Number of protein chains: 2
Amino acid sequence: MLQQIKTLCEQHNVKVTNARSSILEVLKNAGAPMNYEQIKEKMKMPMDKATFYRNIAKFESLGIVHKFESDDRKWYFELSSTTHAHFICETCHQITCMDVHLGEVAGEVKSIVLKGTCKECKA
Amino acid sequence: MLQQIKTLCEQHNVKVTNARSSILEVLKNAGAPMNYEQIKEKMKMPMDKATFYRNIAKFESLGIVHKFESDDRKWYFELSSTTHAHFICETCHQITCMDVHLGEVAGEVKSIVLKGTCKECKA
DNA sequence: TATCCTTTTGCGACTAAGTTGCATTAATTT
DNA sequence: AAATTAATGCAACTTAGTCGCAAAAGGATA
Ligand SMILES: [Mn+2]
Ligand SMILES: [Mn+2]
Ligand SMILES: [Zn+2]
Ligand SMILES: [Zn+2]
């Protein structure tokens, strides 16, 4: 298990269990947001979905993990970083992380999801 | 039935049925995006959800209606207008329509959903 | 080490928004 | 009128995520 992940849990006062480090390790190595099925596939150990979702909920509440919903009605997860947007192509379903700068907004923004057609699919 | 709605259907070559005008009439009078249950409550006639969703899907494909998902995992619908964003407060679950101006974006944007905490809940 | 207590996990049953198949009805076409 | 096509209602289905509960893990105390 990566020391980095152990530290991350300890900083947030979360016990480091196999299930938890397993989830975080996959997310650490992810190049893009992943859903439950995708994370499960990449995990070395088997894990029940109840365990997965309960731990994810904990990570979320602690601000370790961020989630949003794609157009397939599934939740996608990534390790928290600076607030950025996700562009979801309704044709090819690819998810792209991107920075946008919003103007005046009606509150504190935690998640930005744009849906539409990506440049490749448009062309 | 409103003449306006009849015209809307005819312009898109959609037969005007009771079910269809009933849905559109509710959306026409809506002050904010509404989900299936909310629309159903406001409708004069009873309507099966299969009929509702099939017609909504048709409206969407024709560009008459726009939908997005809130944090309650339900779809919210509104009559199409100029592209604008929806701010969803994760505390009070209120949905606010708003204009944002994005900078450079990776494709053609059709839907913008911001989630976070609204000013009232923040205070 | 033995006992107690709290937290985490796995399993299976459950929930609920939205979908689908199919038979019936309504509207068009010939 | 008969034939064809489109819209509707109903019930069964799908499926991402949730929940209750009992078993396991683990830490604290003695
Ligand atoms: Mn991202
Ligand atoms: Mn709106
Ligand atoms: Zn695309
Ligand atoms: Zn609020």
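Since the model is a prediction, treat every value here as computed from it, not as a measurement. Basis for what follows: all heavy atoms, side chains included, without hydrogens, waters or symmetry-related copies.
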Whole angstrom value for the distance that separates P of D:dG17 from CD of A:Glu60: 11 Å
Listed nucleotide nearest any side-chain atom of A:Lys58, set C:dG10, D:dA16, C:dT8: C:dT8
Donor-acceptor contact present, side-chain B:His84 to main-chain B:Thr82, <3.5 Å: yes
Nearest-nucleotide 5' precedence on DNA chain D, B:Arg73 against B:Val14: B:Val14
Flag side-chain contact, heavy atom, 4.5 Å: A:Leu79 against A:Leu24: yes
Side-chain donor/acceptor contact of B:Arg54 with base of C:dG18 under 3.5 Å: no
Between C1' of D:dA24 and CG of A:Asp48, the distance in whole Å: 14 Å
Nearest-neighbour nucleotide for the B:Thr51 side chain, D:dG17, D:dG9, D:dA7 considered: D:dG9
Touch class at under 4.0 angstrom, heavy-atom based, for A:Asn55 against every strand present: sugar-phosphate
d(CE, B:Met45; P, D:dA7) in whole Å: 14 Å
Sugar-phosphate, base or nothing in reach of B:Lys15, heavy atoms under 4.0 Å: sugar-phosphate
Residue met sooner reading DNA chain C from 5', once B:Asp72 and B:Ala50 are mapped to nucleotides: B:Asp72
Candidates D:dA7, C:dA17, D:dT18 - which lies nearest the side chain of B:Thr17: D:dA7
Any donor-acceptor N or O pair under 3.5 Å, side chains B:Ser22, B:Lys44: no
Nearest heavy-atom neighbours spanning A:Arg20 and A:Lys15: NH1-O, 3.0 Å
Side-chain N or O of B:Tyr53 closer than 4.0 Å to phosphate OP1/OP2 of C:dG18: yes
